[in-house]
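Please read the structure below before turning to the comments.
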Protein chains: 2
Amino acid sequence: MIPDKTIGRLSLYRRLLNRLCGEGVSNVYSHQLAAMAGVTAAQVRRDIMSIGCSGNPNRGYELVELIESIGKSLDDPGGQRAALVGVGNLGRAILTYFSGRRPKLSIVAAFDNDPRKCGRVTQGCRCYGVDRLPDMVSELDITIGVIAAPANDAQRVADQLVHAGVTGILNFAPVRIRVPSTVYVEDMDMTTALEKVAYFARKK
Amino acid sequence: MIPDKTIGRLSLYRRLLNRLCGEGVSNVYSHQLAAMAGVTAAQVRRDIMSIGCSGNPNRGYELVELIESIGKSLDDPGGQRAALVGVGNLGRAILTYFSGRRPKLSIVAAFDNDPRKCGRVTQGCRCYGVDRLPDMVSELDITIGVIAAPANDAQRVADQLVHAGVTGILNFAPVRIRVPSTVYVEDMDMTTALEKVAYFARKK
DNA sequence: TGTTGTGAATCTCTTCACAGCT
DNA sequence: AGCTGTGAAGAGATTCACAACA
């Protein structure tokens with residue numbers, strides 16, 4: 001089981017490596033990848049070690065091999081599907097972001113209580129009423145929920161997602177949600193993030 | 001200088017405390033706040049210690065005093081102003097989120113290259129062309145930049161913000177930006193976040 | 001009794017530093 | 001010569017555990 005922080009960096013590495021690959025580069029040294037990712041070379045080597053991939057002192061790491069190795073750790077071979085709840089500005093932004101980005105991970109359904117949004121398709125993703133959540137989750141084999149609903153609805157939405165069977169939640173609402181310990185939650189708290197920036201913009 | 005992680009939790013505590021305050025509660029124990037924030041009681045006490053506030057074994061912490069103490073650490077007495085660059089779905093969501101939330105920290109101007117967006121006012125915030133960035137930043141005394149532009153524009157936007165004089169950046173673009181070490185950057189990387197959730201949704 | 005404040009212990013993450021390789 | 005892989009050291013963050021207190 002790879003630790004939290006390492007997974008985050010591997011995700012970043014993969015994107016950087018894919019870009020390099022598109023530029024025709026075929027191998028990379030830890031210090032180069034480190035510079036691009038804004039971390040140290042030792043960190044990069046450790047992270048790569050943790051996924052059981054190895055380079056060679058002459059040529060560094062083979063790009064294709066490394067990208068595949070990361071995929072083997074991060075991706076589910078059968079793919080994973082996510083549901084978005086809340087199709088406001090933020091929800092639409094999230095759909096745009098993720099649409100067709102990764103073959104093994106996609107948002108396949110959206111839910112909103114506003115009847116005007118239901119039935120519409122945004123970024124190849126159809127919007128349903130939240131009452132449809134349970135059956136759609138099982139029908140489409142969804143294991144991930146993305147909460148982009150207002151703060152007041154976040155806990156109820158989380159409960160519904162958990163009840164429907166998702167095991168991971170990405171929470172954009174500015175409140176902490178309570179879930180069983182079997183469910184993994186990642187908070188994307190803009191308020192905290194901006195306050196942090198404000199603090200260090202002064203103190204640095 | 002309070003560490004990064006502590007600042008993040010203090011920001012969360014403040015929101016929780018404000019909510020409690022609105023419910024008429026007047027004091028709180030570390031274990032109560034801990035339960036709401038999803039951390040341990042010892043952690044809460046350490047965090048509160050780090051801002052030089054103290055409670056009392058009988059009544060715990062006085063809500064009002066604690067909230068003010070957090071404010072004294074997190075907020076600039078003169079207030080801080082931020083600029084948003086990129087007024088797409090995400091940019092509008094960000095404006096909605098922050099509009100009128102904190103008196104000491106607000107987004108006071110938005111910038112976008114699309115001429116159709118310029119001149120319009122969203123959430124009390126006027127949108128300008130990006131060419132206006134330098135003079136608006138100094139005119140409005142803006143010290144924080146929020147990047148909600150496409151990945152391809154992120155580095156250029158960051159350069160413009162830094163050049164205009166901001167010392168903190170909240171970056172929503174899915175790429176790392178390069179800035180002088182005097183500038184603090186916080187990344188809100190949705191791609192990484194979703195990939196992390198996907199991983200732990202499987203492994204947990 | 002049940003809480004705070006905090007030194008010490010623990011745990012986790014990162015960096016150092018260098019042997020071993022090409 | 002310059003890189004990787006990694007044990008060991010170091011730094012940072014969290015939790016333990018308990019004296020002091022109301």
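Chain letters run A, B, ... following the sequence lines, proteins first, then strands; residues in each count from 1.
If you check distances only, the side chain of B:Arg46 does reach the base of D:dT15 with a donor-acceptor pair under 3.5 Å. Residue B:Arg45 places no side-chain atom within donor-acceptor reach of the base of C:dG7, judged by atom type and a 3.5 Å distance cut-off alone.
One finds a side-chain N or O of B:Thr40 lying less than 4.0 angstrom from the OP1 or OP2 phosphate oxygen of D:dT15. B:Gln43 has no side-chain polar atom (N or O) that falls below the 4.0 Å cut-off from OP1 or OP2 of D:dA13. At C:dT14, one or more side-chain N or O atoms of A:Arg9 fall inside 4.0 Å of OP1 or OP2 (strictly under the cut-off). A close approach under 4.0 Å does not occur between any side-chain nitrogen or oxygen of A:Tyr29 and OP1 or OP2 of D:dA1.
Rounded to an integer number of Å, the gap from CG of A:Asp4 to P of D:dA13 is 15 Å. Atom CD of A:Glu62 is separated from atom P of D:dC3 by 16 Å (rounded to the nearest Å). Protein atom NE2 of B:His31 is 17 Å distant from nucleotide atom C1' of D:dT15, rounded to whole Å. In this structure, the CE atom of B:Met49 is 15 Å from the C1' atom of D:dA20, given to the nearest Å. Summarising the geometry, the separation between CG on B:Asp47 and C1' on D:dA13 is reported as 10 Å, rounded to the nearest angstrom. C:dT4 atom C1' lies 13 Å from atom CD of B:Glu65, rounded to whole Å. Rounded to whole Å, the distance from CG on B:Leu66 to C1' on C:dT4 is 13 Å. Here D:dG12 presents its C1' atom at 16 Å from CD1 of B:Ile7, a figure rounded to the nearest Å.
Considering only side-chain atoms of B:Pro57, the nucleotide from D:dT6, C:dG5, D:dA22 that sits closest is D:dA22. Of the candidate nucleotides D:dG5, C:dT14, D:dT14, C:dT14 has the atom nearest to the side chain of A:Lys5.
A salt bridge is absent between A:Asp75 and A:Lys72; no separation between the charged side-chain nitrogens and carboxylate oxygens falls under 4.0 Å. Residues A:Arg156 and A:Asp153 are paired through a salt bridge, judged by an N-O separation under 4.0 Å between the basic side chain and the carboxylate. Ion pair B:Lys104/B:Asp76 not flagged as a salt bridge, since none of the NZ, NE, NH1 or NH2 atoms sits closer than 4.0 Å to an Asp/Glu carboxylate oxygen. Salt bridge absent: A:Arg120 and A:Asp112 never bring a charged side-chain N and a carboxylate O closer than 4.0 Å.
Counting any heavy atom pair closer than 4.0 Å across all strands shown, B:Thr6 reaches no nucleic acid atom. Among the protein residues, B:Arg59 comes within range of no part of the nucleic acid, since none of its heavy atoms lies under 4.0 Å from any strand.
Along DNA chain D, the nucleotide nearest to A:Asn58 and the one nearest to A:Ala42 differ in position, and the one closer to the 5' end is contacted by A:Asn58. Checking A:Asn56 against A:Pro3, the closest nucleotide of DNA chain C that is more toward the 5' end is the one next to A:Pro3.
Using a distance-only test at 3.5 Å, with no hydrogens or angles considered, no donor-acceptor pair links the side chain of B:Tyr184 to the main chain of A:Lys203.
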